[in-house]
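Just so it is clear: chains get the letters A, B, ... in the order the sequence lines come, proteins before strands, and each one is counted from 1. Scope of the values below: all heavy atoms of this structure, side chains included, with no hydrogens, waters or symmetry mates.
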Amino acid sequence: MKTVITERDGRIVIAVEGELDTDTCARFQEDIASLSGREGLEAELDLSKLDYISSKALRVLIALRQKIVSAGGTMKVTSVTPTVREIFDMTGLSGSLLG
Amino acid sequence: MLSSPRRVSLLLLAGFGVLLIIMTVVAVRFSRDVSLVQQTDNLRDNLETIAGSISERLDSGYPDPYGFIELTARTQKKKEHYSLVLQDASGALLAPSFVVDKGLDIKDILYFDKDDDHFMATVWGQRCFVVVYDFPDRPLTLLGLYDNKYIFDDIVVSEKLFIILISAFFLILLLLSWFWLIPAIERMYDRKDKAEIELSVARELQQKAVTRDFTKEPWFDIHAELRAMKDVGGDIYLCGMVGNKLCFIVGDVSDKGTAASFMMFLLSSFIRSRVQVGLPLDRLMGEVNRIICDNPDYGMFCTLFIGAVNPDTLEMEYCNAGHTRALVDGEFLEQDPQLIAGIDRGFVWHTQKVMLHHGSRLLLYTDGVTEARNEERAFFGEKRLREWMRSRPEGISCREDCSALLEAVGAFRGKAHQNDDIAIMCIKIL
């Protein structure tokens with residue numbers, strides 16, 4: 001699992017590659033720790049190379065989104081693999097995550 | 001009541017205080033500078049008195065002594081230093097020799113140093129005579145016997161000062177430990193105790209949050225099992241009778257730990273009471289959702305599946321909030337994917353209905369089952385679960401079904417560790 005954070009035209013792009021499950025979740029949380037608390041963050045989540053996300057890891061994404069939104073920012077998932085899309089659909093999160 | 005580290009520290013402090021008092025008294029009483037041992041212009045004065053005791057030595061070839069200075073150590077076991085200044089009339093310094101009473105040889109005297117204007121000698125707790133040899137035409141004067149000094153390399157520290165410094169050092173050490181080190185250790189143990197108490201409270205809450213006694217009615221069989229990943233699990237299940245209907249709930253709470261367990265217990269109590277009112281399932285889901293959303297500090301979300309079976313029609317009404325697909329008679333239940341609870345306060349759920357029949361078997365579970373992974377990183381998955389359910393023989397009790405599934409998941413997982421809580425609920429319409 002690899003997290004790549006880049007800035008592009010004032011937006012933050014978070015690209016996650018590999019799998020997000022119980023084991024890699026903690027590392028992901030460390031990687032994004034620097035983003036919490038930033039006001040008005042415009043974040044994009046590029047999950048095109050994310051093969052799988054466990055329900056636990058999904059909660060981390062939700063929590064991240066909630067933190068960003070409550071600090072006046074936005075977070076949107078810009079691309080997602082079919083497997084992960086299915087998981088989003090099942091939990092009814094496609095609406096809020098994909099926008 | 002003082003804690004035991006503090007009691008020990010107080011004891012040490014008291015003991016040390018007593019020691020300090022004793023040492024000070026001793027130092028004061030037997031202080032070297034209370035009296036000069038001997039000061040005389042004429043060292044010859046006392047020669048006769050010691051003549052007897054040092055005669056043996058003198059017989060062995062020492063010249064006639066000119067006079068002597070008696071130095072007496074305070075205690076038998078103490079090593080003491082003396083500084084002597086002996087000068088002759090012209091101001092030239094003289095090295096005294098020692099003759100020790102009680103049979104010690106001269107070589108047992110440790111050293112004899114010349115240092116600027118005085119000689120220093122070490123005497124082991126014995127009576128000691130400084131014998132000064134006669135030099136013709138040179139009357140000798142003992143100018144004085146100075147304070148005892150302890151020598152640390154080139155630093156000369158007075159004995160009393162030395163005692164005071166050492167005492168002060170230990171006193172500071174004890175005060176530091178009393179006021180800082182011990183409280184720090186106590187705080188550490190408090191934290192550990194608090195953490196342990198928190199954990200046991202959390203475990204209790206979690207235990208009480210799930211149904212332990214499964215209702216028995218003639219028309220159904222029900223059982224559920226929970227296998228937490230860590231000490232306190234985050235999966236929840238409840239079941240009970242509401243009127244004549246069988247009502248059950250399975251859920252997966254995010255964020256494990258002590259705070260989540262409190263929320264779980266709260267939700268569990270809430271659901272148990274609200275369900276009795278005969279609330280429609282979708283309204284119940286809404287209420288649960290609002291409670292979670294209204295407590296954002298816990299940062300919790302929750303998947304939930306609520307179901308109710310009518311014994312007369314055998315119709316099951318159910319409401320799903322982002323939960324895993326239930327298995328009914330070997331097929332996945334049609335569950336509209338609806339939002340998990342705790343995200344959107346205003347979300348409105350809807351219920352669905354399905355007809356069951358006598359002999360219907362339901363399997364509800366949390367994703368700890370389907371997302372279980374083995375050493376090759378393969379998932380247990382929905383397909384395998386469905387195959388498992390289809391392979392179950394008739395006439396097995398729900399309790400046995402639960403155990404069998406847990407075993408199957410465990411066997412699949414092999415040596416890989418459990419990565420999530422597992423909750424399983426089996427229902428059979430008889």
Side-chain angles (χ1 to χ4, degrees), chain A residues 1-2 17-30 32-33 35-37 45 50-77 80-99, chain B residues 229-230 234-235 251-256 260 285 289 292-293 296-305 319-325 332 335-350 365-373 377-382 416-421:
Chain A
M1 192 284 299
K2 209 168 62 163
E17 300 174 25
E19 289 182 354
L20 270 179
D21 62 10
T22 330
D23 305 319
T24 53
C25 215
R27 232 191 318 139
F28 176 68
Q29 275 180 302
E30 276 173 31
I32 57 166
L35 297 175
S36 65
L45 214 53
L50 184 70
D51 301 319
Y52 166 76
I53 183 167
S54 77
S55 50
K56 258 218 222 354
L58 192 57
R59 314 286 170 84
V60 173
L61 277 190
I62 299 168
L64 172 66
R65 185 174 169 278
Q66 285 190 332
K67 264 199 215 115
I68 292 175
V69 167
S70 61
T74 59
M75 185 184 104
K76 231 189 296 260
V77 175
V80 68
T81 55
T83 332
V84 175
R85 174 68 198 249
E86 221 186 287
I87 297 169
F88 283 1
D89 288 339
M90 208 177 76
T91 49
L93 288 168
S94 296
S96 47
L97 283 181
L98 299 171
Chain B
M229 182 177 77
K230 277 192 234 167
D235 284 354
D252 183 348
V253 178
S254 69
D255 287 339
K256 328 269 175 245
M285 195 67 91
N289 177 51
I292 303 175
C293 290
D297 293 342
Y298 292 98
M300 227 179 73
F301 339 105
C302 182
T303 72
L304 278 174
F305 182 98
C319 186
N320 162 54
H323 198 72
T324 50
R325 292 196 290 175
F332 283 111
Q335 271 170 232
D336 293 340
Q338 300 184 79
L339 190 61
I340 63 183
I343 304 285
D344 178 1
R345 198 179 187 279
F347 193 85
V348 174
W349 280 267
H350 61 266
Y365 55 95
T366 56
D367 54 25
V369 172
T370 42
E371 290 185 6
R373 285 182 112 154
R377 310 285 284 155
F379 292 101
F380 191 86
E382 284 187 325
H417 59 257
Q418 186 178 340
N419 60 358
D420 197 357
D421 301 327

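Put simply, CD1 on B:Ile340 and CG on A:Leu58 are 6.5 Å apart, with the number rounded to the nearest 0.5 Å. Atoms CZ and CG, on B:Phe379 and A:Asp21 in that order, are 6.5 Å from each other to the nearest 0.5 Å.
Contacts between residues 365-373 of chain B and chain A, defined by a heavy-atom separation under 4.5 Å, are made by B:Asp367, B:Glu371, B:Arg373.
The shortest non-hydrogen separation linking A:Met90 to B:His323 is CE-O, 4.3 Å. The two residues A:Gly92 and B:Leu339 have their closest heavy-atom pair at O-CD1, 3.3 Å. Summarising the geometry of A:Asp89 relative to B:Pro337, their closest heavy-atom pair is O-CB, 3.0 Å, with the distance given to 0.1 Å.
Within the 4.5 Å cutoff, no side-chain heavy atoms of B:Arg377 are placed close to those of A:Tyr52.
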